[in-house]
Each structure stands twice: as C-alpha cells, then as structure tokens.
Engineer: 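Handing you a structure now.
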Amino acid sequence: MNNRQLKEKVVLAYSGGLDTSVCIKWLQDEMGLDVIAMLGNVGQEHDGLEEIAQKARMLGCVAVEVVDMTEEFVSEYIVRAIAANAMYENKYPLLSALSRPLISKHLVETAHKHGATCVAHGCTGKGNDQVRFETSITALDPSLKVIAPVREWDLGMRPDEIAYAKMHGVPVSQSIEKPYSIDDNLWGRAIEAGVLEDPWTEPPADIWTITVDPLDAPDTPTYVEIGFAEGVPASLDGEELPLSELIAKLNSIAGSCGYGRIDMIENRYVGLKSRECYEVPAGLALIQAHKALEDLCLERDVLHHKLALEQLWADQVYNGRWFSPFKQALDAFMAATQHGMTGTVRLKLYKGGCVVVGRKSAYALYDPALATYEDDKALDQKAAKGFIDIQGLPIKTWAMREAARAKGGASTSPTFDVLDGASAEHPLARAVNC
Ligand code: ARG
C-alpha cells in the first residue's frame with residue numbers, strides 16, 4: 001500500500017522565511033504529516049510568490065496554494081476598520097491584527113479543499129498572532145487541529161534553528177540575520193525586536209521603508225482630497241479609484257511627506273508590553289479624514305456612543321476575535337452609522353504632519369445658519385435660558401441642599417462639604433483611604 005495515503009495532511013501558512021521553511025521539515029519529519037503550503041498575498045512586499053511557491057515544492061510540500069487575498073482584505077477588512085476608525089490603544093491601526101483572520105479563513109478553506117485535518121502557523125508563543133490564528137480557525141472549523149511548531153520545537157535559539165535547517169536541506173540565505181521582525185501588508189508595516197527592544201533607543205533610520213524622514217520631506221505642504229461614499233474612501237483628488245489603488249497611492253503621497261510613523265509601547269493580549277514601530281501613512285490619513293467626515297455628518301449621540309464602541313471593536317480585533325459574535329454585532333452597529341458618510345475631506349501633509357483643513361458633505365448636520373455668531377434668526381437665543389434652567393435643575397437642587405447643610409439647617413447627620421472636596425470626612429472615604 002502507498003504509504004502516502006496513510007499520512008494526515010496539514011496546511012501551513014507559508015511565508016518563505018526561515019521559520020516557516022523549517023516548519024515544513026519539522027511537520028514532515030517530527031509529526032509525519034504531508035504538508036500543503038499556503039501563501040497569502042495581502043499586499044505585502046515579497047520576493048515573488050512564484051519563487052516562494054517553488055521553494056515550498058523543493059522542500060517537499062505535496063501541494064502549494066498561492067492565494068491572492070488583497071481585494072478581500074480591502075473590501076471585508078480594511079473597509080470595516082475604517083468604518084470603526086480602528087486604533088488599538090488610540091494609536092495602532094491594527095494592520096497585522098486585520099490580516100490574521102483573513103489568512104486563517106483561507107487556511108481553513110485550503111484544508112477543506114485538500115481534506116487536511118490540521119492547520120499550522122509559524123508564530124511564536126509570545127505574540128498576539130498565534131491567538132488570532134487559532135481563535136479564528138476554531139471559530140471557522142472547530143474540528144481542525146492547530147499545530148504551532150515554533151512554539152513546540154526545541155530550536156529556541158537561532159543558531160540551533162539554522163543548524164536544523166542545514167541538516168534538513170532548508171536553504172539558509174546569507175541575509176538571514178535580519179535585525180528586526182517585520183510584518184507588512186497593504187495597510188502598512190510593523191517593525192519590532194532587535195535594537196527596538198530598548199524603549200529608550202530612537203528607531204534607527206533603516207527600519208522605515210515607506211515613509212521618508214520628515215526632515216527630508218518637501219518644504220511646501222501637499223494637499224490631498226479624500227472622497228468618501230457611505231463611509232468608504234472612493235476618490236483621491238477627485239479621481240475615483242478602487243480602494244486598493246487609492247491606499248497604495250496615498251501610502252506613497254503621504255509617506256513621501258514623512259507622515260505615518262508610529263513608535264509606541266503596546267499592551268499585547270498575551271500580557272506583556274512590547275515596543276512597536278509602525279508605518280501606516282494611508283491608514284492614518286484615511287482614518288483621520290473619515291473621523292472628520294463623521295464629525296460633520298453624524299448625529300451627536302451616535303457619534304459619542306460610537307467612540308466607545310470603536311474601542312471595543314479595536315480590542316476585539318486586536319485580541320483575535322474577528323469572528324466573534326460580539327465583534328459581528330459591533331460591525332452591524334458600525335455599518336448602521338455609515339449611511340450618509342459621503343463627502344470630501346481635504347488634508348494638508350507637511351513634514352511628518354497631517355491635518356484636516358476642510359470637509360464638506362451634502363449630508364452635513366453642521367448648519368452655518370445655526371452656528372453663526374452673526375445672525376440670530378435661526379435659533380431663538382432667549383429660549384436658551386429655559387433650556388439651561390431645566391437641564392441644570394438637578395444640580396441646582398443639590399447645591400441648595402448642600403448649602404443648607406453647611407449652615408447646619410437641613411440635616412442632623414455629620415456634615416461633609418462635597419463642594420469643598422472634603423469628602424474624606426465620609427465614613428466610606430475613610431474606609432478606602434486606610
Ligand atoms: N504588535 C502588532 C500586533 O500584535 C504587530 C505584530 C507584528 N508581527 C510581527 N511578526 N512583527 O498586531
């Protein structure tokens with residue numbers, strides 16, 4: 001009987017790098033599995049997908065699937081991230097966090113196509129990406145087994161891994177000592193590790209590849225106009241473009257103005273803090289413009305509550321819960337808010353900065369007639385007094401009682417002057433303080 005028929009199959013998310021190349025051999029030799037390599041294109045810089053596919057075949061993969069996910073990444077993931085103004089910890093536009101559920105979805109589909117029982121990824125046990133892959137895969141097919149070779153093998157140190165690679169015929173390129181860990185896609189680049197692990201060290205110039213040093217950016221400002229249709233960026237300087245092209249073009253415009261760099265300390269879901277650098281010129285500019293349009297067009301209560309839900313959306317996605325029912329419910333809320341988010345925002349880019357300098361929309365709720373200081377016909381200013389009296393009634397009532405108590409007239413209980421901030425006199429305050 002053919003031995004091959006007895007082997008179970010695993011689909012591996014393959015990048016062509018050393019880690020995932022060693023994963024192929026490890027899955028074959030240590031786990032006795034047939035390996036199917038899946039290469040996802042999410043708009044990252046790469047040396048050629050065909051070459052990477054060739055490498056996977058050379059390493060003995062029984063099948064190689066190259067999947068172009070870029071358009072799906074844009075229409076299903078980035079569009080939702082823009083609607084939610086997605087920023088983890090108010091800083092990080094979630095670029096890696098957005099790609100993982102999409103790659104997971106295709107891993108599961110590839111597993112089904114090939115009758116594989118297992119799925120594997122090359123993440124370490126210290127990062128968020130392992131959580132995102134595994135939670136997404138479980139959500140899409142709980143019967144699939146997930147294998148994380150890098151977390152399990154005893155090749156912790158790079159030299160051990162290189163030795164294993166050489167022993168098993170995995171090509172080790174000269175440039176293997178990459179000083180950083182980099183993840184990138186159409187939405188931007190994430191750079192971590194190496195000298196960046198010291199949070200006091202300024203990021204070296206060589207980590208940045210899509211943004212210029214602001215000092216070298218043009219000496220005159222660059223203006224761009226972003227047109228939105230129902231919350232989705234649809235045009236750049238009046239030219240209608242598919243969103244993937246718009247993002248690529250804006251990455252180059254804003255990046256050449258030195259805009260889009262982030263250097264932050266971030267709280268990973270796995271519990272540790274890490275120092276992360278990102279380049280996200282188009283992402284940051286589009287979210288800024290989208291917020292400006294919402295400021296103009298969203299009804300106040302929706303806007304205010306949306307701000308809170310945006311944080312929850314970002315947390316869900318950061319924590320690997322793209323396919324969770326809560327995240328999907330939040331998506332429904334976000335989608336409901338985007339009706340009428342149609343209009344144009346003008347951005348001014350200058351030496352690393354980006355500011356909104358204009359916004360317009362046929363759906364604007366901003367009404368110059370109401371807002372103007374010059375003409376008071378649109379709003380009866382005298383009516384404001386009644387509004388203030390009534391909305392302030394609870395505070396007035398409270399203040400009157402407190403004033404009476406301060407004089408000792410209204411109560412026999414011990415007085416404590418809330419207005420003075422002297423609430424430490426209250427028994428509860430004492431209990432907290434001790
Ligand atoms: N810290 C970011 C996140 O968790 C980026 C991770 C990027 N991965 C990498 N291998 N550099 O989303």
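Counting from 1, the numbers follow the sequence of the chain as shown. When a ligand or atom number is given, it counts from 1 through the structure's own listing order.
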Engineer: How close do Ala13 and Ile103 get, counting heavy atoms only, and between which atoms?
Structural biologist: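 Ala13 and Ile103 have their closest heavy atoms at CB-CG2, 4.4 Å.
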Engineer: Mark the output for Tyr180 as yes if a heavy-atom distance to ligand 1 is under 4.0 Å, and as no if none is.
Structural biologist: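 Tyr180: no contact with ligand 1 (<4.0 Å).
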Engineer: May I have all residue pairs that pass salt bridge (charged side-chain N to carboxylate O under 4.0 Å, His left out) and include part of residues 243-271, sequence neighbours excluded?
Structural biologist: Glu192-Arg268, Glu239-Lys249, Asp263-Arg275, Arg268-Glu276
Engineer: What atoms of ligand 1 come within less than 4.0 Å of a heavy atom belonging to Ser181?
Structural biologist: 9 (C), 10 (N), 11 (N)
Engineer: Does Asp183 approach ligand 1 within less than 4.0 angstrom via side chain, backbone, both or neither, non-hydrogen atoms only?
Structural biologist: both
Engineer: If we only count N/O pairs under 3.5 Å, is Arg268 in contact with ligand 1?
Structural biologist: no
Engineer: Between Arg100 and Asp129, does any NZ, NE, NH1 or NH2 come within less than 4.0 Å of an OD or OE carboxylate oxygen?
Structural biologist: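 Answer for the salt bridge query: yes.
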Engineer: Could you tell me whether Tyr318 and Tyr269 have their ring centroids closer than 6.0 angstrom?
Structural biologist: no
Engineer: If we check side chain to side chain contact (heavy atoms under 4.5 Å, CB included) with Cys23, which of these qualifies: Leu59, Val170, Leu12, Leu18?
Structural biologist: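 For Cys23, the side chain to side chain contact (heavy atoms under 4.5 Å, CB included) test succeeds with only one of Leu59, Val170, Leu12, Leu18, which is Leu12.
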Engineer: Please compare Arg189, Arg132, Met264, Glu266 and report which has the shortest non-hydrogen distance to atom 1 (N) of ligand 1.
Structural biologist: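 Result: the heavy atom closest to atom 1 (N) of ligand 1 is in Glu266.
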Engineer: Tell me the protein heavy atom at minimum distance from atom 12 (O) of ligand 1, and give that distance in Å.
Structural biologist: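 Result: Tyr92 OH, 2.6 Å.
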Engineer: Tell me the contacting part of Asp129 for ligand 1: side chain, backbone, both, or neither, using a 4.0 Å heavy-atom threshold, strictly below.
Structural biologist: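 For Asp129, the contact with ligand 1 is made by the side chain alone.
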Engineer: Quiz question: by atom type and distance under 3.5 Å, do the side chains of His112 and Asp141 form a donor-acceptor pair?
Structural biologist: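 Yes, because at least one side-chain N or O of His112 sits under 3.5 Å from a partner of the opposite role on Asp141.
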Engineer: Which of the atoms of ligand 1 are close to Asn128, meaning less than 4.0 Å from one of its heavy atoms?
Structural biologist: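 By the 4.0 Å cutoff, the relevant atoms are 3 (C), 4 (O).
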Engineer: Looking only at protein heavy atoms, identify the closest one to atom 6 (C) of ligand 1 and say how far it is in Å.
Structural biologist: Ser96 OG, 3.7 Å
Engineer: Grab the two heavy atoms, one from His121 and one from Ala148, that are nearest each other, plus how far apart they are.
Structural biologist: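 Closest approach of His121 to Ala148, heavy atoms only: CE1-CB, 3.5 Å.
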Engineer: Taking heavy atoms and a distance under 4.0 Å, where does Tyr278 meet ligand 1: side chain, backbone, both or neither?
Structural biologist: side chain
